[in-house]
There are 4 protein chains.
Amino acid sequence: MPRPPGHGPGFEVRRQKIIDTAAELFARQGYAATSVNDLGRAVGLAKGALYYYIDSKENLLIEIQSRVMAPLLSRAREIAALDADPLVRLRLLSESLLTIIFRRLDHIWVYEHDYRSLTGDYLQTLLGQRAEFERLVRGLLTKAMERGSFRAVDPHVATLQFLNLHNHTYQWVKPDGHWDAAYLSRAYCDTLLRGFGAPGAALPDVEEAAEAFKRDRPDLPLDPEAEWRSASVAS
Amino acid sequence: MPRPPGHGPGFEVRRQKIIDTAAELFARQGYAATSVNDLGRAVGLAKGALYYYIDSKENLLIEIQSRVMAPLLSRAREIAALDADPLVRLRLLSESLLTIIFRRLDHIWVYEHDYRSLTGDYLQTLLGQRAEFERLVRGLLTKAMERGSFRAVDPHVATLQFLNLHNHTYQWVKPDGHWDAAYLSRAYCDTLLRGFGAPGAALPDVEEAAEAFKRDRPDLPLDPEAEWRSASVAS
Amino acid sequence: MPRPPGHGPGFEVRRQKIIDTAAELFARQGYAATSVNDLGRAVGLAKGALYYYIDSKENLLIEIQSRVMAPLLSRAREIAALDADPLVRLRLLSESLLTIIFRRLDHIWVYEHDYRSLTGDYLQTLLGQRAEFERLVRGLLTKAMERGSFRAVDPHVATLQFLNLHNHTYQWVKPDGHWDAAYLSRAYCDTLLRGFGAPGAALPDVEEAAEAFKRDRPDLPLDPEAEWRSASVAS
Amino acid sequence: MPRPPGHGPGFEVRRQKIIDTAAELFARQGYAATSVNDLGRAVGLAKGALYYYIDSKENLLIEIQSRVMAPLLSRAREIAALDADPLVRLRLLSESLLTIIFRRLDHIWVYEHDYRSLTGDYLQTLLGQRAEFERLVRGLLTKAMERGSFRAVDPHVATLQFLNLHNHTYQWVKPDGHWDAAYLSRAYCDTLLRGFGAPGAALPDVEEAAEAFKRDRPDLPLDPEAEWRSASVAS
DNA sequence: CATGAATGAGCTTTCATTCAT
DNA sequence: AATGAATGAAAGCTCATTCAT
């Protein structure tokens, strides 16, 4: 997103801080119920000054959506491409998704709640990205069925169960509670893998395999460096 | 909810129509983003005339929430009190919940999305009712564990999985699609009962038992007569 | 004020009741802050039915003003024309004015407070009537000076003192308190007659003379029959 | 009343101008009958911009009431505490009150007419301040009776006469007429002191004594510097 | 006589956005 | 880089009034 030329070094830092704060407010009060005034007060900047950093209120919403979508999709692509049992990949994908939810709960609230306030092109882009994520999940589930690990169920319905189970978590999770992403991911996958599992099939030790991957690549659930690289995600 | 005295016979009919329309608009655009003007245009009434039927915009939200909560909770209580295997009761509860979601998708959107726009007493009441529903689910899950049908898992986490799976459905379901509430309920419970099931336990034929109940009481998932009786739910 | 022809016998009764109630509400809440709805509720009539009896909200204000002005001015003319010492006539006029204030405090509130909400012709008429009342008072005061009962003071300023003293009473008087119109009138006139009195002049026993008049004509302060004859007052 | 931080130098000036204009409009049309739109038009500002300066319409009313009450009560306290004959103090208090009425006639209109539109805490505060003022007057009248300067009359009724006489002046006075506060005060006190005076008592030369005080303290009737300092009045 | 229903203008207030400085 | 000031549109809601029945 190109800016007018000649910005000082602090520009981007402050800009990111503003988006952070916006996510917090939008999550707490809703996008429509949060005023630009509220945001200005929260970041300690007069309304006029805010517009030096942001283009519009809707643009903030877009940025927040991107911040969720970009790392999520980039990690999902990577995990789906791993050379590992589909069950293990599902387990890793689950933890990656839950990790983002735990780390940036407010962004997720906005992502889940207010994406329908978006209009025009960006909404289309976003829906496309959501569809891609869904396809990645479905691909793994289908592979597990083909291998005989899972019963033959409608892959679409199975995918939606996977997504329901994970995506609704933001509604009640508390980031500083006594559960973490790894714990919940294990519990969810326990249910799903058994639930989808073919009657006779002996499921591999998914947990151990996932552990091994995470030992090698601690950034696998969520890259901490590029965490909020809001670079647009090529679809 | 008694109205000021002296309203003609058409009053209540039109009033219900207005609430219906409001649910539709709120679902599509969000509560905060829908103006009373929009609603007036949609029902073909000037803004002023609208207020002849409604008390306030927030009151519409309350009515919509009640229309979801009242039948849901009343049915849930009844099902939980049935003399049947907890697994069967879970299956019936699942279908009841999904039936409401299918029948009044727009109400559910509002119910799930905009309950945080409520203020004051009613919000407290609503949260209390949601908590009661959650307790009913947890009670059945716990009983299934005590009987040895389910593995010993954290009942709280199990409850949340049940709710995640069902409650997120509104996000993608299409009421006129090729799935119905019974089909989805079967799929969800297939996953959950197997997923939670104790390794050696032979699960009973839940589907057949549930069918029997529904044959006897076709209104069990959702009473069609009193469907939207928005009578307040005694807590 | 001619009505559409063919009104039943109860019409005028109910109409008067409505004006009474309006005066009560206007006095309590102010003319602008009282809605036609409030009035309807107070008289137990739907808004639509009200307009069968009244022409408009402003018209109510006019009627209330008339109900004060008509008896006040009619009595004032009569008293001013009496064959009696000007001091006695002032005393009788004072009591007449205070009697109206006590009897219809709410009308007086409206009269004093909201006459400026009137527009057009009627406001002019009303101001003319107020001026006439003022002239009657001034006439009596002037006569008292000419006779040497009063010091020579600016008659205009003296008149305004008389009016200030009486007309502001509505602000704090309580009709069911332990003072009545006669008591206050005596107190006010005590102050005024002594205050205006010429240094050497021996003031007559005004109280006794006034008593005599009232014995003969108990209706002198305020005609109870024609009390609210809202017939328009010829100016 | 500190404003949100960071207002330019012109802010307070314009703010005061707006309150002035509001007083003018409220006086002419009444508080309830004056719209924020009217006010905006009168000060040449769009409705939205007005709210940059004011908090609410009711707040304007509060400020106007304060502008009357604060200087009035502060001066009244000071005068009541003077070491002088109660009659002289009454004379000074009278002139102080009339001076405020002359100087800010529109504020007084609002003060007298629309105080009942106030709600909540501020109304209570205001009524308390009005009661205090009344107590100060009554105190002086009582002292004059104790000294034998005045006849023994009901102090409450005497107080109300003092207040009626002065407070109703706003109804007809014209600030640019040929009378001023000093003239009217002299006339009113002439009437009251003689009217209340004990039969045999030789009243001191109140006018001369009052003149002496005013020569020493030209700001005694009304401090011109802090004239509209709307600082809250400690009760 | 009286009602329920409707309207359109107006109310107070908040909003996202702009811009000269 | 940031501010104070301004705008015009729109928000939720109330109002006086009308009228078919």
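Note that the structure is a prediction, hence the values are computed from the model and not measured. Numbers restart at 1 for each chain; the letters A, B, ... are given by sequence-line order, proteins then strands.
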Between B:Y52 and E:dA5, is there a contact of a side-chain N or O with OP1 or OP2 at under 4.0 Å?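 Answer is yes, contact under 4.0 Å.
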So, is B:R14 near the phosphate of E:dA5, with a side-chain N or O under 4.0 Å from OP1 or OP2?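 Answer is no, no contact under 4.0 Å.
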[X] to [Y] - nearest heavy-atom pair and separation:
{"X": "C:L25", "Y": "C:A42", "answer": "CD1-CB, 3.9 Å"}
{"X": "D:L126", "Y": "D:Q65", "answer": "CD2-OE1, 3.6 Å"}
{"X": "C:S56", "Y": "C:Y51", "answer": "CA-CE2, 4.3 Å"}
{"X": "B:R14", "Y": "B:L45", "answer": "NH2-CD1, 3.5 Å"}
{"X": "D:A23", "Y": "D:V110", "answer": "O-CG2, 3.7 Å"}

Atom [atom1] of [X] and atom [atom2] of [N]: how far apart are they, to the nearest Å?
{"X": "C:E12", "N": "E:dC1", "atom1": "CD", "atom2": "C1'", "result": "16 Å"}
{"X": "D:Q29", "N": "E:dC11", "atom1": "CD", "atom2": "P", "result": "11 Å"}
{"X": "A:L60", "N": "E:dC15", "atom1": "CG", "atom2": "C1'", "result": "15 Å"}
{"X": "D:L39", "N": "E:dG10", "atom1": "CG", "atom2": "P", "result": "18 Å"}
{"X": "B:R41", "N": "E:dG8", "atom1": "CZ", "atom2": "P", "result": "14 Å"}
{"X": "A:L25", "N": "E:dA16", "atom1": "CG", "atom2": "P", "result": "12 Å"}
{"X": "B:N59", "N": "F:dC13", "atom1": "CG", "atom2": "C1'", "result": "14 Å"}
{"X": "A:L45", "N": "F:dG4", "atom1": "CG", "atom2": "P", "result": "10 Å"}

Given [options], the nucleotide with the shortest approach to the side chain of [X]:
{"X": "D:Y53", "options": "E:dC1, F:dA5, F:dT3", "answer": "F:dA5"}
{"X": "A:F11", "options": "F:dA1, F:dG8, F:dA2", "answer": "F:dA1"}
{"X": "D:A46", "options": "F:dG4, F:dG8, F:dA1", "answer": "F:dG8"}

Between B:H7 and B:Y52, does any side-chain donor sit less than 3.5 Å from a side-chain acceptor?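 Yes, side-chain donor-acceptor contact under 3.5 Å.
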Tell which nucleotide pairs with E:dA6, taking only Watson-Crick or G-U wobble pairs whose two distances are both under 3.5 angstrom. F:dT17
Using Watson-Crick or G-U wobble geometry with both distances below 3.5 Å, tell me the partner of E:dC11, or none. F:dG12
Of B:D38 and D:G10, whose nearest nucleotide on DNA chain F comes first from the 5' end? D:G10
Could you tell me whether C:K17 and C:D20 make a salt bridge, using a distance below 4.0 angstrom between a side-chain N and a carboxylate O?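 The answer is no: the pair does not qualify as a salt bridge.
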Every protein N/O lying under 3.5 Å from an N/O of nucleotides 16-19 of chain F:
{"from": "F:dA16", "atom 1": "OP1", "to": "C:T34", "atom 2": "O", "distance (Å)": "3.3"}
{"from": "F:dA16", "atom 1": "OP1", "to": "C:K57", "atom 2": "NZ", "distance (Å)": "2.8"}
{"from": "F:dA16", "atom 1": "OP2", "to": "C:V36", "atom 2": "N", "distance (Å)": "2.6"}
{"from": "F:dT17", "atom 1": "OP2", "to": "C:Y51", "atom 2": "OH", "distance (Å)": "2.8"}
{"from": "F:dT17", "atom 1": "OP2", "to": "C:K57", "atom 2": "N", "distance (Å)": "3.0"}
{"from": "F:dT17", "atom 1": "O4", "to": "C:K47", "atom 2": "NZ", "distance (Å)": "3.3"}

